[in-house]
*Asks:* 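Please see the structure below; I have some questions.
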Amino acid sequence: MVTSLLLFPAVDVRKGQAVQLVQGVAGTEKVFGDPLEQARRWRDAGAQWIHLVDLDAAFGDGQNTEITSRIAGELGINVELTGGIRDDASLRRALDAGAARVNIGTAALENPEWCEHVIADYGDKVAIALDVRDGKLAARGWTTEGGDALATVERLSIAGCERFVVTDVASDGMLSGPNLELLGAVSATMRANHPEQHAKVIASGGVSRLEDLVQLRGLVPIGVEGAIIGTALYVGNFTLAEAIDVAGPQELN
């Protein structure tokens, strides 16, 4: 049984730069330089995965395909890619560029039938990214609001989705701690619909201190398999090496 918490250092790309946003709001970004250098930094520090976000594609006002393709194809690290993947062509481009897994966000809200189709076709190469604000789904760079998050988990779990990446929008970039209650609710909903499968939930948003990773590692038995870490790493609250010491060996799940 896996007992470690898999860590996903975040590389969010906006206008060609690595950035971190506050609560996903455009214009709040703090800039941290070259995205490729940041990805290499996390790889060299022991990360097995990078959570790579094309924010321009997510906001619908551009794209950073050349940069994300280089990170996915050249660095020899597993890449979980998200941002602007809403149809077969964009999904195929992401996988062809070298992404090990693609996260689909907005489309889960706007086109659940298509999500069911790609889940059937691509299996665990596809995860559904749920950006949640007060129990409701947020989409398109978190600028619109949709349906009940747990109802979406139920529907897509029944369709065969094995993994959800869950962001508490209120916590993202705020260094306020992860939303453990939300993560537990998503995991329980998955298990209720697929009792024969181990729920797989990746936590995103709010990690600010090593104690947060201790708490998340405590949820591994119920299906929280990993955590995305962004702002806390970039501003130096702890190092990736320190985070790995707490999270445990970074086995590839």
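Remember, predicted model here, so these are calculated numbers, not experimental data. Residue numbers run from 1 in the order of the sequence given.
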*Asks:* Distance-only, no hydrogens or angles: does the N64 side chain make a donor-acceptor pair with backbone N or O of D54 under 3.5 Å?
*Replies:*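 No; zero donor-acceptor contacts below 3.5 Å.
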*Asks:* Would the distance check show the side chain of N237 and the main-chain N or O of L233 forming a donor-acceptor pair, the cut-off being under 3.5 Å?
*Replies:*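 The answer is no, because no donor-acceptor pair under 3.5 Å joins these two groups.
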*Asks:* Answer yes or no: is there an ion pair linking R101 with E80, defined by an N-O contact shorter than 4.0 Å?
*Replies:*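 Between E80 and R101 there is a salt bridge, with a charged N closer than 4.0 Å to a carboxylate O.
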*Asks:* Counting N and O atoms only, with roles assigned by atom type, does the side chain of Q48 sit under 3.5 Å from a partner on the main chain of N78, one being a donor and the other an acceptor?
*Replies:*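 Not confirmed, Q48 side chain does not pair with N78 backbone.
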*Asks:* Please, which pairs that meet salt bridge (Lys or Arg N to Asp or Glu O under 4.0 Å) have at least one residue in residues 35-46, sequence neighbours excluded?
*Replies:*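 Every pair satisfying salt bridge (Lys or Arg N to Asp or Glu O under 4.0 Å) with a residue in residues 35-46: E37-R40.
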*Asks:* Which residues pass the salt bridge (charged side-chain N to carboxylate O under 4.0 Å, His left out) test with E74, not counting sequence neighbours?
*Replies:*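 R70.
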*Asks:* Looking at residues at least two apart in the chain, or sitting in another chain, which of them share a salt bridge (charged side-chain N to carboxylate O under 4.0 Å, His left out) with R93?
*Replies:*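 Once residues adjacent in sequence are excluded, R93 has no partner under the salt bridge (charged side-chain N to carboxylate O under 4.0 Å, His left out) criterion.
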*Asks:* Parallel, tilted or perpendicular, judged at 30° and 60°: which one describes the rings of F32 and Y234?
*Replies:*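 Ring orientation, 0 to 90° scale: tilted.
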*Asks:* Check whether NZ of the Lys or CZ of the Arg R86 lies under 6.0 Å from the centre of the six-membered ring of W114 and within 45 degrees of that ring's axis.
*Replies:*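 Cation-pi check for R86 and W114: fails.
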*Asks:* Short question: side chain of S4, backbone of P249 - any donor-acceptor pair under 3.5 Å?
*Replies:*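 Indeed, once roles are kept as given, a pair shorter than 3.5 Å links the two residues.
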*Asks:* S208 and D212: side-chain donor and acceptor closer than 3.5 Å?
*Replies:*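 There is such a pair between these side chains.
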*Asks:* Taking only Lys NZ, Arg NE, NH1 and NH2, and the carboxylate oxygens of Asp or Glu, determine whether E29 and K15 approach each other closer than 4.0 Å.
*Replies:*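 Salt bridge absent between E29 and K15.
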*Asks:* Less than 4.0 Å between a side-chain N and a carboxylate O, is that true for D12 and K30?
*Replies:*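 No, no charged N to carboxylate O under 4.0 Å.
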*Asks:* Would you check if the side chain of Q17 reaches a backbone N or O of R14 as a donor-acceptor pair within less than 3.5 Å?
*Replies:*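 Answer holds: no.
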*Asks:* Using only heavy-atom distances, determine whether the side chains of T231 and Q20 contain a donor-acceptor pair under 3.5 Å.
*Replies:*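 Short answer, yes.
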